[in-house]
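Predicted, not measured: the structure shown is a model, and the values here were computed from it. Reminder, nothing fancy here: chain letters follow the sequence lines and each chain counts from 1. Heavy-atom basis, side chains included; hydrogens, waters and symmetry copies ignored.
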There are 2 protein chains.
Amino acid sequence: MLFGSADFLLNKSARRSRERLDRALEPLGLTGKLLYVLEILGAEGARTQHEIGSLGCIDRSSAVVFIDALEALGMVERRQKPGDRRAHVVALTEKGRLALPKARALEAKVRREYLACLEPGDQRTLVALLTRLVQAHN
Amino acid sequence: MLFGSADFLLNKSARRSRERLDRALEPLGLTGKLLYVLEILGAEGARTQHEIGSLGCIDRSSAVVFIDALEALGMVERRQKPGDRRAHVVALTEKGRLALPKARALEAKVRREYLACLEPGDQRTLVALLTRLVQAHN
DNA sequence: TATTGTTATACTCTATAACTATA
DNA sequence: TATAGTTATAGAGTATAACAATA
């Protein structure tokens, strides 16, 4: 209900946006969600799946699937966490580290087109506000 | 890719927003999508299903389902279009017309709550930015 | 008892394709 | 041939619940 009944359009816009990003990232084998996880690891360093879920508002069962996919791509690896044999620490591999800047370039190119209707400052504001909104409801 | 790799958050936020709106509209039997169609009819007057789809970026097969639901609620009715027996003109009923302001009130109430985690100024900023974004792509 | 990760499953939303009846 | 509406179905995405291992 962010803007009245046009809530429908927000959902649609979000979906379209994701479809575009996913297509753009296809050459790397990535999707928007997978890149999202990569970025978390790049910013936060190696983390347990639970921590990744908390940091990224990702359900733990979904996190399993995402990390499975990244591991199949050779971009992350699961390690046993010292001191807690229940938990897995997920770490970027060299391939994952190298994929990040490439993925960012693809993403930035396609985003520039899509967000061209907003000025750069407004784009950053939008991201910050939505992040707060999502975190407030999780 | 609206928000770079955090695009994931946009989809999540959009879904949360819709879930809340749907719950708020339950007493009327409506959902956000159904209200969206009602608003189109309120603004544009009686239209064929094809026109509703074009105006609202709704797939024709989805439009069938939405209009079925609204008809079951007694808020719209299908009429034969004069001069084209393939087409149905969908018109608001009295009940549909009366439901609109009630639905708008519920929507406004729940929107205020959902955005309460942001200060009033930020709320306005977010709505403004999203509206510009959606309109630019629809 | 609680938590981490996993698996299987169900659910929602949307799009696609095939069908009918008209044009 | 093309179009309006319908139906059935498939697909993507996510959440839920039950489970095993461990704390």
Within this structure, what is the [atom1]-to-[atom2] distance between [X] and [N], rounded to whole angstrom?
| X | N | atom1 | atom2 | result |
| --- | --- | --- | --- | --- |
| Phe66(A) | dA12(D) | CZ | C1' | 11 Å |
| Arg60(A) | dT14(D) | CZ | P | 17 Å |
| Arg47(B) | dG5(D) | CZ | C1' | 18 Å |
| Lys81(A) | dA23(D) | NZ | P | 11 Å |
| Leu34(B) | dT12(C) | CG | C1' | 14 Å |
| Asp59(B) | dT12(C) | CG | C1' | 16 Å |
| Leu21(A) | dG13(D) | CG | P | 11 Å |
| Glu71(A) | dG5(C) | CD | P | 13 Å |

Worksheet item: Going by modelled atom types, is there a donor-acceptor pair between the base of dT14(C) and the side chain of Ser61(B) at under 3.5 Å?
Response: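 A donor-acceptor contact between them is absent.
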Worksheet, complete the sentence: The reported gap from CD in Glu39(B) to CG in Leu100(B) (rounded to nearest 0.5 angstrom) is 5.0 Å
Residue [X], side-chain heavy atoms: nucleotide from [options] that is nearest:
| X | options | result |
| --- | --- | --- |
| Ser62(B) | dT7(C), dT22(D), dA15(C) | dA15(C) |
| Phe8(B) | dT14(D), dT6(C), dT7(D) | dT14(D) |
| Arg15(A) | dC13(C), dG5(C), dA4(D) | dC13(C) |

Check whether any side-chain N or O of [X] sits under 4.0 Å from OP1 or OP2 of [N], and answer yes or no.
| X | N | value |
| --- | --- | --- |
| His50(A) | dT4(C) | yes |
| Lys12(A) | dA15(C) | yes |
| Arg85(B) | dT3(D) | no |
| Arg16(B) | dA15(D) | yes |
| Arg18(A) | dT14(D) | yes |
| Arg78(B) | dA4(D) | no |

Practice prompt. Just call it for Asn11(B): base, sugar-phosphate, or nothing, with non-hydrogen atoms closer than 4.0 Å on any strand.
Written response: nothing
Practice prompt. Starting from the 5' end of DNA chain C, give me the residue, Val65(A) or Asp22(B), whose nearest nucleotide shows up first.
Written response: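 In this pair, the answer is Val65(A).
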Worksheet item: When you match Ile58(A) and Ala63(B) each to their closest nucleotide on DNA chain D, which lands nearer the 5' end?
Response: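 That would be Ala63(B).
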Worksheet item: Hey, which of these two, Lys33(A) or Arg86(B), hits DNA chain D nearer its 5' end, going by closest nucleotide?
Response: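 Its nearest nucleotide being more 5', the pick is Arg86(B).
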Donor-acceptor contact present, side-chain [X] to main-chain [Y], <3.5 Å:
| X | Y | answer |
| --- | --- | --- |
| Lys33(A) | Phe66(A) | no |
| Thr93(A) | Met75(A) | yes |
| Arg18(B) | Gly32(B) | no |

Worksheet item: Got Tyr36(A) and Ile58(A) here, is their nearest side-chain heavy-atom distance under 4.5 Å?
Response: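 They are in side-chain contact.
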Discussion item. So Asn11(A) and Asp7(A), do their side chains get closer than 4.5 Å, heavy atoms only?
Written reply: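 They are in side-chain contact.
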